[in-house]
Amino acid sequence: MRFATWNVNSIRTRVDRVIAFLERCDVDVLAMQEIKCKPEQFPTEAFTAAGYHVAVHGLNQWNGVAVASRLPILHIDTHFAGQPAFGDPAQVEARALGVTLGHKEGTDFTIWSLYVPNGRSLDHPHYAYKLAWLAALKAEAARWLSADSQARIALVGDWNVAPFDEDVWDISAFEGSTHVSEAERRAFFAFAEDGWEEVTRERVTNYTYWDYQKLRFVKNEGMRIDFVYASPALAAAVSEVEIDRNERKGKGASDHVPVIVTVDE
DNA sequence: ATGCCAACACAATGTTGA
């Protein structure tokens, strides 16, 4: 079984490229972020025609998360318990989608497609929101592991945190910026305290994002901010991880590339 | 090489992204 996460930066703009990726890489489950549309605007037919079920959560043109799966969908959560709200009026944004999928012989698999708030700047309310959001997710996710130590759960997506200095092309260019602050890094690493294992770090080295501006991709000035935290039972079954850097090439590319995880059956 | 900001709503710019 193979699952992937990809910040697609608008599914309506990118649907042909996403479907081609699913087929080319033989991906069974894809968690998408930044679909930038409501469910009724989502190109469901293209996924259905390719053999995928879809779960979609989007409230407006911002954010939005979805899961496409060859496996049957058993359960959908459009937010996690305690997920913080933001804005005026405060709204629980479309940044988390939990989907439980039927798997072989009753071994269900739950994937959470996560789009962690950007933070904007260290002195912006969005930054406090980002830290609160990560802390609330950690608290709730710890309960999932406590409830079932053998559960196969993946917390995947655009974490908007570069956990190590080498996850950005030049740490000196990020002085005073979000994504690299100590508080954000602590909030990211804290998941490991509860047993979550980030399974991509030890298996592959590459950036997952390159800004559209300033020839960042050509100069390979990127950031590594898309990650996969797996429950212990799932982490034990991971056999391979790939970052599909080729998806950043050419006309019509997202600024993020897919991260693909292969799991032994 | 991989190529010089993109996508959204809304109708000219403003917002968001990292």
Side-chain angles (χ1 to χ4, degrees), chain A residues 5-18 20-21 24 32-43 56-66 86-89 91 93-95 113-131 133-134 157-185 187-188 206-227 242-259:
Chain A
T5 180
W6 192 4
N7 180 324
V8 296
N9 188 8
S10 172
I11 189 58
R12 288 180 287 176
T13 298
R14 213 86 60 212
V15 59
D16 291 348
R17 207 166 164 139
V18 172
F21 159 74
R24 175 168 51 80
M32 289 166 270
Q33 299 86 40
E34 281 209 270
I35 62 168
K36 291 187 171 177
C37 69
K38 301 174 185 178
E40 60 267 31
Q41 299 171 307
F42 190 90
V56 180
H57 181 44
L59 299 172
N60 50 42
Q61 70 270 42
W62 307 119
N63 316 310
V65 277
F86 185 79
D88 186 18
Q91 179 182 53
E93 298 178 309
R95 293 180 177 276
S113 182
L114 304 168
Y115 180 42
V116 176
N118 171 292
R120 298 184 188 169
S121 61
L122 298 182
D123 58 356
H124 196 285
H126 211 259
Y127 179 75
Y129 168 51
K130 179 179 193 174
L131 295 178
W133 203 95
L134 284 166
D158 178 358
W159 291 77
N160 269 321
V161 177
F164 295 99
D165 287 357
E166 59 263 35
D167 295 333
V168 299
W169 77 91
D170 177 6
I171 192 62
S172 69
F174 285 79
E175 185 75 36
S177 299
T178 60
H179 294 66
V180 299
S181 72
E182 283 306 306
E184 287 165 281
R185 288 174 169 179
F188 178 83
N206 213 333
Y207 299 133
T208 62
Y209 162 88
W210 296 261
D211 197 300
Y212 286 122
Q213 303 183 59
K214 300 179 182 175
L215 283 170
R216 293 294 188 212
F217 185 56
V218 173
K219 295 187 280 189
N220 196 30
E221 296 178 341
M223 302 174 72
R224 185 173 186 171
I225 53 178
D226 298 87
F227 297 100
E242 299 157 84
I243 295 174
D244 190 357
R245 194 177 182 284
N246 286 328
E247 274 300 339
R248 185 62 181 79
K249 299 178 183 178
K251 189 175 175 63
S254 170
D255 42 5
H256 292 252
V257 295
V259 180

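Within every chain, numbering begins at 1; the chains are lettered A, B, ... in the order of the sequence lines, protein sequences first and strands thereafter. All heavy atoms count here, side chains included; hydrogens, waters and symmetry mates do not.
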B:dG17 P sits how many Å from A:Asn118 CG, rounded? 5 Å
Check this one for me: any side-chain N or O of A:His256 less than 4.0 Å away from OP1 or OP2 of B:dG17? no
Quick one, give me the B/S/- string for nucleotides 2-8 of chain B, reading 5' to 3', where B means a protein heavy atom under 4.0 Å from the base and S means that only happens at the primed atoms, P, OP1 or OP2. BSBBSSB
Output, in order, the C-alpha distance, side-chain angles, deciding distance and verdict of salt bridge (charged side-chain N to carboxylate O under 4.0 Å, His left out) for A:Arg14 and A:Glu247. CA-CA 11 Å; A:Arg14 213 86 60 212; A:Glu247 274 300 339; over 6 Å; no
Whole angstrom value for the distance that separates P of B:dG17 from CG of A:Asp226: 15 Å
Check ring pair (Phe, Tyr, Trp, His ring centres under 6.0 Å) between A:His124 and all other residues, then give those that pass, not counting sequence neighbours. none
Using ring pair (Phe, Tyr, Trp, His ring centres under 6.0 Å) as the criterion, list what pairs up with A:Phe188, not counting sequence neighbours. A:Trp159, A:Phe227, A:Tyr229
Base, sugar-phosphate, or nothing for A:Tyr115, non-hydrogen atoms under 4.0 angstrom? sugar-phosphate
Would you mind reading off the distance between A:Tyr207 atom OH and B:dA18 atom C1', rounded to a whole angstrom? 14 Å
In whole angstroms, how far is the C1' atom of B:dA18 from the CD atom of A:Glu221? 14 Å
With heavy atoms under 4.0 Å as the rule, sort A:Arg95 into base, sugar-phosphate or nothing. sugar-phosphate
What residues from residues 160-179 of chain A pass a heavy-atom cutoff of under 4.0 Å to DNA chain B? A:Asn160, A:His179
Separation of B:dA18 P from A:His124 NE2 (nearest whole Å): 14 Å
Rounded distance in Å between the P positions of B:dA18 and B:dG14: 22 Å
For residues 217-225 of chain A, tabulate all N or O donor-acceptor pairs below 3.5 Å that involve a side-chain atom, not counting sequence neighbours.
from, atom 1, to, atom 2, distance (Å)
A:Lys219, NZ, A:Lys214, O, 3.3
A:Asn220, OD1, A:Trp210, NE1, 3.0
A:Asn220, OD1, A:Arg245, NH2, 3.4
A:Glu221, OE1, A:Arg216, NH1, 2.6
A:Arg224, NH1, A:Val204, O, 3.0
A:Arg224, NH2, A:Thr200, O, 3.3
A:Arg224, NH2, A:Thr200, OG1, 3.3
A:Arg224, NH2, A:Val204, O, 3.0

Rounding to an integer number of Å, can you tell me how far A:His126 NE2 sits from B:dT15 C1'? 12 Å
Contacts of A:Ser177 meeting side-chain contact (heavy atoms from CB on, under 4.5 Å) (sequence neighbours excluded), chain-then-number -> A:Phe174
Specify the separation, in whole Å, of atom CZ of A:Arg216 and atom P of B:dG17. 18 Å
Pair A:Arg185 + A:Asp165, salt bridge at N-O below 4.0 Å: yes
Sorted by chain and residue number, the ring pair (Phe, Tyr, Trp, His ring centres under 6.0 Å) partners of A:His256 (sequence neighbours excluded) come out as A:Tyr209
Mind checking what makes salt bridge (charged side-chain N to carboxylate O under 4.0 Å, His left out) contact with A:Asp255, not counting sequence neighbours? none
Report the residues that fulfil salt bridge (charged side-chain N to carboxylate O under 4.0 Å, His left out) with A:Glu34, sequence neighbours left out, ordered by chain and then residue number. none
When the C1' atoms of B:dC4 and B:dC8 are considered, how many whole Å apart are they? 22 Å
